[in-house]
2 protein chains.
Amino acid sequence: MTSPSTFPTVLRELLRTHQTFLAYAASHVHTLDLTLPQFDIIITLGNTTGMTFKKLGEETLITKGTLTGVISRLEDKGLVQRLASETDGRSQIVRLTPAGEAVYESTFNEHLDFIDQIFNDYSPEEVVTLEAALLRLRKAVTTARCNGSGELANGITGWCAKVQDVCKHGVVE
Amino acid sequence: MTSPSTFPTVLRELLRTHQTFLAYAASHVHTLDLTLPQFDIIITLGNTTGMTFKKLGEETLITKGTLTGVISRLEDKGLVQRLASETDGRSQIVRLTPAGEAVYESTFNEHLDFIDQIFNDYSPEEVVTLEAALLRLRKAVTTARCNGSGELANGITGWCAKVQDVCKHGVVE
DNA sequence: CCTATATGGTTCTAACTAGAACTATATAGT
DNA sequence: ACTATATAGTTCTAGTTAGAACCATATAGG
């Protein structure tokens, strides 16, 4: 592979674009007196009967150590409630309260419109192409992690070995 | 614009890709007993005579409130030092110490190789195309922020009005 | 020279990030 | 039935994030 100096710049661009998008999205969400992770939870729970922490973590990319705190602060705001799972003593179900549902109903479409504005000059095909490019990059990073980290992470058992095996067989998330 | 449900998914993909990349980069940087922002500072200062906080903030995307703390922790680790600016009483110059230079010299190429592995299956043209796509998205977000936020952020003076004016004339960063 | 405004860096704040370690519960295996 | 292992969620930790407010200094304008 030639021109290695290009690579840091494309990843720098990924970081810049991500940061710019977060700032944009936050500018709207802050008008609701919510943070981005809090709003993400509300959007994820909207139109559902509730979710476990595990499921919420999967849907929102918030790691479980962090999720407990975010849910607590939403509880404090009266927007979600926790219910013990009927089927698993370890689990709890997080569900929007009526107030939370109201926030969801009144802001979801507004937020979609807000986000839509980013793509005013994109055709639908261009959006699909962009998403595919990002997915390809994510898979490339995941692949690199499995391969390269074998060398750097020698000795790590369990997770890494299992994922390497999964990667070899082409099954990724 | 049709198919609005595509948009949240492309941005979700941006967030996933970003998070996956950070985790990948961190797995290497953690072997150096550094965090990503700390390593970013060292990489940015490498092969320079030092930089002001302002310049460092611009190069690394770390906001100034955060930067003070990151620099302090690097000072504690003996990897950087601060020097008063000779030309501006408000400014300080941050420079790598000999120990910091040694970390930079021994790890920069190693990290580049680590990052290179992401692009094993990319041609140089594909990398350039990806970077252009990300830049376009970032500009689209910046444009949306200038336009749409006029509505949501009515009444905000100074910054927003100025940036809107700059955007209209096509001069962005 | 003086005043007003802007800027560089610091301090402070609430919230978040990413794990590791822990406890209670579930599941697998004998 | 019992033991070993895995899992869901909590607690804890160090570090980071993004601003706002502040102070000292620089610059612009009259």
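In what follows, chains are A, B, ... by sequence order, proteins preceding strands, each numbered from 1. What's counted below: heavy atoms across the whole structure, side chains too, no hydrogens, waters or symmetry copies.
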With sequence neighbours excluded, residues passing side chain to side chain donor-acceptor pair (under 3.5 Å) with A:E86: none
Contact list for DNA chain D against residues 42-59 of chain B - heavy-atom distance below 4.0 Å: none
Of residues 71-86 of chain A, the positions that come close to DNA chain C - non-hydrogen atoms, cut-off under 4.0 Å: A:R73
Among A:H18, A:Q19, A:R138, the one residue meeting side chain to side chain donor-acceptor pair (under 3.5 Å) with B:H18: A:H18
Distance in angstrom units between B:D40 CG and D:dG15 P, rounded: 17 Å
Integer-rounded Å distance: D:dG15 P and B:I41 CD1: 15 Å
Donor-acceptor under 3.5 Å (B:Y24 side chain, B:F114 main chain): yes
Aromatic plane relationship, B:Y122 with B:F119 - under 30° parallel, 30 to 60° tilted, over 60° perpendicular: perpendicular
With A:T129 via side-chain contact (heavy atoms from CB on, under 4.5 Å) - residues at least two apart: none
Sugar-phosphate only, base, or nothing, as touched by A:T35 at under 4.0 Å among non-hydrogen atoms: sugar-phosphate
By side chain to side chain donor-acceptor pair (under 3.5 Å) - contacts of B:D88 (at least two apart): B:R90
Residues forming a side chain to side chain donor-acceptor pair (under 3.5 Å) with B:E75, sequence neighbours excluded: B:R82
Rounded distance in Å - CG (B:L61) to C1' (D:dT16): 14 Å
Shared hydrophobic cluster for A:L32 and A:Y104 (ILVMFWY, side-chain gaps under 4.5 Å): yes
For chain A, the stretch of DNA chain C it reaches, first to last nucleotide, under 4.0 Å of its heavy atoms: C:dA15 to C:dA26
A:L61 with B:V10, same ILVMFWY side-chain cluster at under 4.5 Å: yes
5′-ward residue of the pair A:P37/B:A26 relative to DNA chain C: A:P37
Nucleic acid contacts - residues 87-96 of chain B versus DNA chain D, non-hydrogen atoms under 4.0 Å: B:D88, B:G89, B:R90
Integer-rounded Å distance: D:dT11 P and A:K64 NZ: 13 Å
Contacts under 3.5 angstrom, residues 39-49 of chain B side chains, donor-acceptor by atom type, not counting sequence neighbours:
{"unit_1": "B:D40", "atom_1": "OD1", "unit_2": "A:R12", "atom_2": "NH2", "d": "3.2"}
{"unit_1": "B:T44", "atom_1": "OG1", "unit_2": "B:D40", "atom_2": "O", "d": "2.6"}
{"unit_1": "B:T48", "atom_1": "OG1", "unit_2": "B:L45", "atom_2": "O", "d": "2.7"}
{"unit_1": "B:T48", "atom_1": "OG1", "unit_2": "B:G50", "atom_2": "N", "d": "3.1"}

Side-chain N,O (A:T68) to OP1/OP2 (D:dT10) below 4.0 Å: yes
Whole angstrom value for the distance that separates C1' of D:dA18 from CG of A:L22: 11 Å
side-chain contact (heavy atoms from CB on, under 4.5 Å) assessment of A:L34 paired with A:L79: CA-CA 11 Å; A:L34 293 169; A:L79 299 179; 3.8 Å; yes
Residues that B:F53 engages under ring pair (Phe, Tyr, Trp, His ring centres under 6.0 Å), provided they are two or more places apart: none
Distance-minimising heavy-atom pair for A:L36 and A:V29: CD2-CG2, 3.9 Å
Considering all heavy atoms, the nearest B:A99-B:G78 contact: CB-O, 3.7 Å
The helix from C:dC1-D:dG30 to C:dT30-D:dA1: angle between end helix axes, five pairs per end, rounded to 10 degrees: 30°
5' precedence on DNA chain D between A:H30 and A:G69 (nearest-nucleotide basis): A:G69
For A:R95, side chain to side chain donor-acceptor pair (under 3.5 Å) partners two or more places apart: none
Integer-rounded Å distance: D:dA20 C1' and B:L67 CG: 17 Å
same_hphob_cluster(B:L112, B:V103) at 4.5 Å side-chain heavy-atom cutoff: yes
